[in-house]
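Letters A, B, ... are given to chains in the order of the sequence lines, protein chains preceding strands, and every chain is numbered from 1. Both backbone and side-chain heavy atoms feed into the values below; hydrogens, waters and symmetry mates do not. All of these numbers come straight from a predicted model, not from anything done at the bench.
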Amino acid sequence: MSEEQQQSVNEYRAQRIVNLRKLEELGFEPYGRAFERTRLSEVRAGFEEDKKVRAAGRLMTIRRMGKASFATISDGTANFQIFIKKDLLSETLFEGFKHLDLGDFIGVEGRLFTTRAGEPTIEVHSWSFLGKAILQPPEKFHGLQDVEERYRKRYLDLMMNPESRDRFNKRSAILAEIRNFLHARGFIEVETPMMQAQAGGAAAKPFYTHHNALDTEMVMRIAPELYLKRLIVGGFDKIFELGKNFRNEGIDRTHNPEFTVLEVYEAYGDRTSMKAIIEGLLPHLCEKVLGRLTVEYGEAKEILDFTPPYREIAYKDAVKEMMGQDWFDLTVQQARAKAEAQGLEIDPAWDHLLITHEVYDKLVEKTLRQPTFVTRVPRQFVPLAKACADDPELVDVFEFVVAGKELCPGYTEQNDPEAQRKAFADQVGEDTEKIDEDFITALEHGMPPTGGLGMGIDRLVMMLTGTEVIRDVILFPQLKKLQTPSRQ
RNA sequence: UGGACCAUAGCUCAGUCGGUAGAGCACGACACUUUUAAUGUUGGGGUCGUGGGUUCGAUUCCCACUGGUCCAACCA
């Protein structure tokens, strides 16, 4: 292929292939070999003048000045400047450097020194070619800004945008520290089916799939809860699962169809033992991952303080704070008028309870900025939990709310099989075949009093990294498939 | 699923009250042995998301579609 033809296909790509061929002519292997090296973060941390180092990375910038050049390499842990000088290299290595492009991988060997401008730098005495990039990286200063491209081509986002890489490093650290925290308290990690015969443990539309050999319909789980409780029946006393749930619902800035959840169950515990876990786990994560107990959240840089203990307030008291102490003495008509005066749309068929819940959802929750446990919730809204000991109309749960959003419910779990069956029946209505009879049977074998909680990990990561968009904490968020390329 | 907005060079962005487009980075050439968004000179690069309509003429106006963003409804 002539050079003109190559350039008509894609000038930039062709130019890089020309450089690749020239490197091959000089005796370089085009895609390299393993290279023993020290991570750049460690080179930086252990910097000593004149120390010999071997390091490797992707070329991020090159500043060529005739017989000397500076470049920056990145290995994902840090950036580091390297210095190339004609006097210090063989003719082949100096000539070869001219044919390197941004995005290529090299390994370097040399001496640490500090430039006149004060920049720690590797003076390169020898280098190896570790791999060619035949496509250009995005713009070096602004990085990759296009929101859609950052999700579809996450590798470019991670390559160019350090804040994105940092966010996913934090996500990994959060997951590791959740495990450390729970293991240290005697919890074991378990795995339960993500493909189930029926979708239980929550109210959401599932994804359906089909098993060929069994010739049977299956659903992707919407929650692991019913399997985890079977394990409590089986005698595991402290368990957790960290895994994906799948819900066939809308996608927006706080919802992805597959999302990661932590569920924890503790036999012989209840809501208060779950509360203790939250008040231990969140400060632990803040300390280990962020090194402090406060987070700057969102564009407004709101300060969230995770220093325990956290505020606890009864559901009804939270509503009274917003709507007045006489709220629960009002008639339905008075309550509706008062709610509508606050700008809510109230269905005329709603009773006092539903109006109250609308008030809580639309007005109260968003005002709970600092970590708060909302307790003693009307049983109609949480059918699978156990009633409060002193009031059968309220269930013994908490909703843990941070920055105006529900982060994590905690329960005193239902262990009465008859009450559980009734709650299922109310939930499914006519579809009695959707009741998980095997689960009821398990409860009939006896389940100890148990506390449980379920935390959305994506939202937790959002909270702790100050991110307001769930897609920014999920490496490959769900997007529509491209039918025709929107751009080339 | 409804409403508003967006899509221009590989990337980051200007722009055209309708006469087929510019900058910076990146890329090619030349110069330069401590630069760091290197610098100086110079050159190339675009069916302006896709399809239709109006028009002498559409990247620009209108319609549909595709993808995205935000808002509203469902879910965590």
Side-chain angles (χ1 to χ4, degrees), chain A residues 3-4 7-8 10-16 18-19 60-72 79-89 94 101-103 113-121 123 133-153 156-157 159-161 201-206 222-223 244-263 345 361-362 365 399-401 405-409 454-460 462 468-471 477 479-488:
Chain A
E3 211 159 300
E4 285 94 343
Q7 298 217 347
S8 72
N10 183 322
E11 186 189 347
Y12 309 109
R13 194 167 185 273
Q15 183 55 44
R16 282 162 175 264
V18 167
N19 278 334
M60 304 303 286
T61 62
I62 306 178
R63 296 174 286 286
R64 298 180 193 277
M65 296 168 297
K67 296 188 180 65
S69 297
F70 285 93
T72 311
N79 287 357
F80 213 87
Q81 180 165 270
I82 63 173
F83 180 48
I84 298 291
K85 197 171 165 188
K86 190 172 195 301
D87 305 348
L88 297 171
L89 293 172
F94 185 73
D101 292 302
L102 293 183
F113 78 109
T114 307
T115 64
R116 282 211 285 253
E119 181 82 16
T121 303
E123 180 187 79
I134 59 173
L135 295 176
Q136 290 203 116
E139 208 251 10
K140 67 181 178 187
F141 187 64
H142 298 90
L144 186 66
Q145 295 301 317
D146 185 289
V147 176
E148 185 177 352
E149 287 292 285
R150 283 178 39 215
Y151 300 143
R152 288 194 194 278
K153 296 188 174 169
L156 294 179
D157 177 44
M159 193 188 301
M160 300 309 297
N161 300 331
K205 297 189 196 97
I222 57 174
K244 292 267 181 85
N245 287 350
F246 307 86
R247 297 191 183 176
N248 209 339
E249 311 276 356
I251 298 175
D252 62 31
R253 52 176 19 217
T254 56
H255 298 265
N256 194 62
E258 56 179 295
F259 60 103
T260 303
V261 165
L262 169 71
E263 291 208 2
E345 282 183 35
D361 269 352
K362 292 286 157 57
E365 196 174 65
E399 309 258 332
F400 183 55
V401 180
K405 296 185 185 71
E406 187 196 324
L407 180 60
C408 171
M455 189 177 323
I457 296 303
D458 308 287
R459 290 187 180 175
L460 174 70
M462 289 166 70
E468 287 177 299
V469 184
I470 200 168
R471 283 195 265 241
L479 297 177
K480 274 197 184 177
K481 190 177 161 188
L482 289 181
Q483 309 226 324
T484 55
S486 63
R487 51 179 58 207
Q488 197 43 262

Subject >> First encountered from the 5' end of RNA chain B, between A:T72 and A:R253 >> reply: A:T72
**OP:** Take A:K362 and A:A202, find for each the nucleotide of RNA chain B with the closest heavy atom, and name the residue whose nucleotide sits nearer the 5' end.
**Re:** A:K362
Judged by atom type as modelled, is there a donor-acceptor pair below 3.5 Å linking the side chain of [X] to the main-chain atoms of [Y]?
X	Y	result
A:N161	A:L144	yes
A:R16	A:L102	yes
A:R63	A:F70	no
A:N245	A:F259	no

Give the rounded distance in Å between these two atoms: [atom1] of [X] and [atom2] of [N].
X	N	atom1	atom2	value
A:I251	B:G68	CD1	P	9 Å
A:I62	B:U35	CD1	P	18 Å
A:I222	B:A76	CD1	P	9 Å
A:E11	B:G43	CD	P	15 Å
A:E149	B:U8	CD	P	10 Å
A:Q145	B:C25	CD	C1'	13 Å
A:D101	B:G28	CG	P	6 Å
A:D146	B:A9	CG	P	11 Å

With sugar-phosphate meaning primed atoms plus P, OP1 and OP2, does [X] contact a base, only sugar-phosphate, or nothing at under 4.0 Å between heavy atoms?
X	value
A:L135	nothing
A:S69	nothing
A:G456	nothing
A:N248	nothing
A:N79	nothing
A:G454	nothing
A:Q81	base
A:A203	sugar-phosphate
A:L479	sugar-phosphate
A:R150	nothing
A:D87	base

Taking atom [atom1] of [X] and atom [atom2] of [Y], what is their separation to the nearest 0.5 Å?
X	Y	atom1	atom2	answer
A:M455	A:F400	CE	CZ	7.5 Å
A:K480	A:R152	NZ	CZ	10.0 Å
A:E149	A:D157	CD	CG	10.5 Å

Presence of donor-acceptor pair under 3.5 Å, side chain of [X] and base of [N]:
X	N	result
A:T115	B:U35	yes
A:R63	B:U35	yes
A:E119	B:U35	no

How far, in whole Å, is [M] from [N] if one measures between their [atom1] atoms?
N	M	atom1	answer
B:G51	B:C32	P	49 Å
B:A21	B:A4	P	32 Å
B:U60	B:U47	P	15 Å
B:U36	B:G40	P	11 Å
B:C25	B:A9	C1'	12 Å
B:C75	B:G3	P	23 Å
B:U54	B:G18	C1'	11 Å
B:C71	B:A58	C1'	32 Å

Can you figure out which of [options] approaches the side chain of [X] most closely?
X	options	answer
A:E148	B:A38, B:G28, B:G67	B:G67
A:R152	B:A38, B:G68, B:U34	B:G68
A:R247	B:G28, B:U34, B:C75	B:C75
A:E406	B:A76, B:G67, B:C27	B:A76
A:E139	B:C25, B:U33, B:C75	B:C25

Please tell me if [X] has a side-chain N or O lying less than 4.0 Å from either OP1 or OP2 of [N].
X	N	value
A:Q136	B:C11	no
A:R64	B:A38	no
A:K480	B:U66	no
A:R116	B:U36	no

Original post:
Hey, is NZ on A:K405 packed in by over 12 heavy atoms from elsewhere, all under 6.0 Å?
Top reply: yes
Subject >> With sequence neighbours excluded, residues passing side chain to side chain donor-acceptor pair (under 3.5 Å) with A:T114 >> reply: A:E49
Original post:
Looking only at side chains, do A:Q145 and A:H142 share a donor and an acceptor under 3.5 Å apart?
Top reply: no
**OP:** List the steps and the verdict of side chain to side chain contact (heavy atoms under 4.5 Å, CB included) for A:R459 and A:H255.
**Re:** CA-CA 9 Å; A:R459 290 187 180 175; A:H255 298 265; 3.3 Å; yes
**OP:** Decide, applying a 5.5 Å centre-distance limit and a 30° plane-angle limit (both strict), whether A:Y12 stacks on B:G10.
**Re:** no
Subject >> Structure string for RNA chain B in dot-bracket form, Watson-Crick and G-U at under 3.5 Å, | interchain >> reply: (((((((..((((.....[..)))).(((((.......))))).....(((((..]....))))))))))))....
Original post:
Under a 90° cut-off about 0 for the syn range, is B:U20 syn or anti?
Top reply: syn
